[in-house]
Amino acid sequence: VKSAEFGANLRFFDDNLGFDFTYYDIVSTDQFVSLPAPSGSGFTEQLVNAGKITNKGVEIVVDATPIHGSGFTWKTAVNFSQNINEIVETYPGRESVTFGTGGSEGYQSRFKTGGSFNDIYVLKYKRDAQGRILLDNNLKPLIKPVTGVDGNTDNYEYAGHLNPDFILGWSNNFSYGNFSLSFMVTGKFGGVAFSQTESMLDGAGVSQRTADARDAGGVAINAIKESDGSAVTTIPAETWYRAIGDRNGIGESYVYDRTNVRLTQLALSYRFPITNSFVKGFTASLVGQNLFIFYMKAPFDPELAMSTNLY
């Protein structure tokens, strides 16, 4: 890992206003990459050191103390951060090859030259030139074929990346005497998230949207049959959701905007006055995290994960 970083920290008005700026450029090489083993080796895969990933970003913090005196103090800070990740190289001589780095039923994450870490790939609808979904004769949507296109080894296509475009934070601390109250609001903007739970619920017909579709007499759709071009505007709810949901369905319908704004932390503290020469101070705090979501686009908390793997 090689990194370069520079920044500036400026303080004004007797330290009551501050500005902190940092820019970084990190280059990571020789990642662990799984490749098909040579023919005749007796193994199916081999681990090699390869790849080059760059992370470039900025972090900006503006803090202030609007009120200070008479036993009451208010400190506040706003921060902005952005990281741009790029996979520059994968494996010498195999730059066009896509390597899987994880996934589950319905989505994949891939290590691909020109992409970024945590890119998400899913199955998408096959459409005509007008954007209408193409159906087979049983009214089931067809999958867009991309095998062999741009290094793809199956029909999974790029749908976005998990990393947010940027993050904003706002923290405050109010103190009076020995008491203090602090909170932090964090907003992550951009990026996508995939919900296997939504897909499974739809496939089983137990989600609210499947109930609404049944009550409405079917799913309203802009589609045509591929065989004869006849227009289709409504598909029975069971036919539609069994085709796109459940395991390994058409994940395009379950990729959501990750944007969310939440109360990340709330803490109430009390500092006990201690004059003992051995113990200089003691503070007790009641802390809550992720207590409230002010805004989110997805129908679920996009910060939750079913599992976590380290590579």
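Just so you know, these numbers come straight off a predicted model, no measurement behind them.
At a cut-off of 3.5 Å, with distance as the only test, a side-chain donor of N172 or W74 sits close to an acceptor on the other residue. D202 and S207 share a donor-acceptor pair across their side chains, judged by distance under 3.5 Å alone. A donor-acceptor contact closer than 3.5 angstrom links the side chains of N178 and R271. Between the side chains of Y241 and D246, no donor-acceptor pair is found at a separation under 3.5 Å. Looking only at atom types and distance, the side chain of T186 has a donor-acceptor partner in the side chain of T264 under 3.5 Å away. Donor-acceptor pairing under 3.5 Å is lacking for the side chains of Y176 and T73.
Classification of the Y256-Y254 ring pair by plane angle, with boundaries at 30° and 60°, yields perpendicular. Ring-plane geometry between F21 and F6 is classed as tilted, the angle between the planes lying from 30 to 60 degrees on a 0 to 90 degree scale.
We find the CG-OG distance between D25 and S3 to be 8.5 Å, quoted to the nearest 0.5 Å. The structure places CD of E89 at 7.5 Å from OG1 of T113, a figure rounded to the nearest 0.5 Å. In this structure, OH on Y270 lies 11.5 Å from CZ on F282, to the nearest 0.5 angstrom.
Salt bridge annotation for D136-K140: absent, with no cationic side-chain nitrogen under 4.0 angstrom from a carboxylate oxygen. R258 has a carboxylate O that lies under 4.0 Å from a charged side-chain N of E303, or vice versa, which qualifies the two as a salt bridge.
The minimum heavy-atom distance linking I250 with P141 is given by the pair CD1-CG, 3.9 Å. Across all non-hydrogen atoms, the minimal contact from W170 to V78 is CD1-CG2, 3.7 Å.
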- Item | Audit row: R127, E226, salt bridge (Lys or Arg N to Asp or Glu O under 4.0 Å) steps and yes/no | CA-CA 9 Å; R127 301 174 185 269; E226 186 179 46; over 6 Å; no
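Under a cut-off of 6.0 angstrom, the local environment of CD in E86 is crowded, with over 12 non-hydrogen atoms contributed by other residues, nucleotides or ligands.
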